[in-house]
Amino acid sequence: MITLTQLSKIYKTEEVQTTALNQVDLRIKEGEFIAIMGPSGCGKSTLLNIIGLLDQASSGSYQFMNTETTQLSNKKKSNLRKKNIGFIFQNFNLIDELSVYENIELPLIYNGVSATERKKRVIAIMEKIGIAHRLKHYPQQLSGGQQQRVAVARALVNNPHLILADEPTGNLDSSNGNEVMNLLAELHKEGATIAMVTHSSYDAGFASRIVNMKDGEIFHEKNADQRKDIFTAMP
Ligand SMILES: Nc1ncnc2c1ncn2[C@@H]1O[C@H](COP(=O)(O)OP(=O)(O)OP(=O)(O)O)[C@@H](O)[C@H]1O
Ligand SMILES: [Mg+2]
């Protein structure tokens, strides 16, 4: 589904130049759940934002669903993103002025889905995620875990091909974090393709592959079989 080849990202300001990604090669297959790990500043969010077509590489190639994206216009990229990619962020990024229902409905409005179809899909996803009884609440009236579940629902309502999550449990206590991770694991079981940035090796244990980064480079990958030690060490 995703092929990055020799992908680099250099941020330039007047005084300094930062290489956030240095010639990264990465493939993500349909149905994979990868965890991206590494120290702060190593380029994880930059990588995820480029994969999510929110940001643009400085050089190299990025193929998403058989389309080379580096030459696409912003409008084409934004259409590709809206149709195919769902995002989950550390700080939930819900809109405080909109109810739970309206927050989840938003991506469907962006995609021009009809009102009756929107209603059907929002209700279905809220039931699936277990937040149907909160549809008239506003984000500030929910616990962190509930807010993140709403954000997961919003990411999923459009049936995206790819789910991207940047530290989805970073602002949650362990029980709420666990709930969100179980939800992602369930989605993966149902066939979703997920790329998740995390600082937690416990959360990374839910993934089928771990990609380790350092200084803008991928230096070591492990698949599930090679890290039984992590699984057995889990509580
Ligand atoms: N808009 C920007 N302008 C300049 N430099 C940036 C910008 N965004 C990120 N960087 C730099 O690029 C590097 C990678 O940043 P990135 O946010 O990808 O790190 P990260 O691995 O997600 O870190 P964290 O774990 O703290 O979230 C950092 O050195 C950062 O300072
Ligand atoms: Mg980050």
Side-chain angles (χ1 to χ4, degrees), residues 1-28 32-64 69-70 72 74 77-78 80-81 85-94 144-145 147-148 151-152 154-155 160 162-174 176-178 180-181 183-184 193-222 227 230:
M1 177 186 276
I2 283 167
T3 307
L4 306 179
T5 315
Q6 297 283 294
L7 194 101
S8 295
K9 175 71 181 180
I10 296 162
Y11 288 110
K12 285 190 188 124
T13 58
E14 276 167 27
E15 318 236 301
V16 282
Q17 188 166 312
T18 311
T19 304
L21 295 176
N22 189 12
Q23 310 218 311
V24 167
D25 291 317
L26 177 67
R27 291 176 78 110
I28 305 174
E32 264 197 292
F33 181 178
I34 75 157
I36 302 166
M37 300 191 79
S40 178
C42 72
K44 304 178 298 295
S45 294
T46 304
L47 179 65
L48 207 70
N49 289 342
I50 290 175
I51 291 175
L53 299 168
L54 287 173
D55 199 356
Q56 189 160 311
S58 307
S59 63
S61 145
Y62 170 25
Q63 284 192 14
F64 176 64
T69 65
T70 41
L72 291 180
N74 282 340
K77 268 195 289 204
S78 140
L80 204 57
R81 179 177 70 239
I85 302 175
F87 280 93
I88 302 162
F89 299 94
Q90 176 174 357
N91 56 1
F92 323 135
N93 277 11
L94 298 171
Q147 289 188 48
Q148 193 61 304
V152 172
R154 180 187 57 184
L162 174 67
I163 299 165
L164 299 177
D166 197 346
E167 300 189 44
T169 67
N171 283 357
L172 299 176
D173 60 36
S174 62
N176 278 314
N178 227 341
V180 167
M181 285 315 303
L183 195 56
L184 290 178
T193 310
I194 305 174
M196 169 184 76
V197 168
T198 183
H199 282 286
S200 149
S201 48
Y202 178 77
D203 288 359
F206 287 84
S208 49
R209 178 158 64 110
I210 298 179
V211 173
N212 283 301
M213 292 184 69
K214 199 182 165 203
D215 299 333
E217 295 177 23
I218 290 174
F219 75 97
H220 188 212
E221 290 190 34
K222 290 179 192 163
R227 56 189 170 82
I230 298 179

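For ligands, and for the atoms within them, numbers begin at 1 and follow the listed sequence.
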Do you see a protein non-hydrogen atom under 4.0 Å from atom 31 (O) of ligand 1? no

Report the C-alpha separation of Met213 and Leu21 in whole Å, then their side-chain angles, then the decisive distance to 0.1 Å, and conclude whether the side chain to side chain contact (heavy atoms under 4.5 Å, CB included) test is met. CA-CA 10 Å; Met213 292 184 69; Leu21 295 176; 3.6 Å; yes

Starting at CD of Gln63, measure out to OG1 of Thr69 and round the result to the nearest 0.5 Å. 8.5 Å

I need the nearest protein heavy-atom contact for atom 27 (O) of ligand 1: residue, atom name and distance, please. Glu167 OE2, 3.7 Å

Looking at ligand 1, does Lys9 have a heavy atom less than 4.0 Å from it? no

Please indicate, with yes or no, if any protein heavy atom is found under 4.0 Å from atom 13 (C) of ligand 1? yes

Can you tell me if Met213 contacts ligand 1 (heavy atom of the residue under 4.0 Å from the ligand)? no

Strictly under 2.8 Å, is any N, O or S atom of Ser40 next to the Mg ion (ligand 2)? no

Kindly determine whether Phe64 and Ile85 satisfy side chain to side chain contact (heavy atoms under 4.5 Å, CB included), including the steps that lead there. CA-CA 11 Å; Phe64 176 64; Ile85 302 175; 3.8 Å; yes

Any N or O of Thr46 closer than 3.5 Å to N or O of ligand 1: yes

Lys44 side chain to Pro39 main-chain N or O, any donor-acceptor pair under 3.5 Å? yes

Nearest neighbour of atom 21 (O) of ligand 1 from the list Gln90, Lys44, Lys214, on a heavy-atom basis: Lys44

Going by distance only, is there an N or O of Ala20 that falls short of 3.5 Å from an N or O of ligand 1? no

Compute the shortest N/O to N/O distance between Cys42 and ligand 1 and return yes if it is under 3.5 Å, no if not. yes

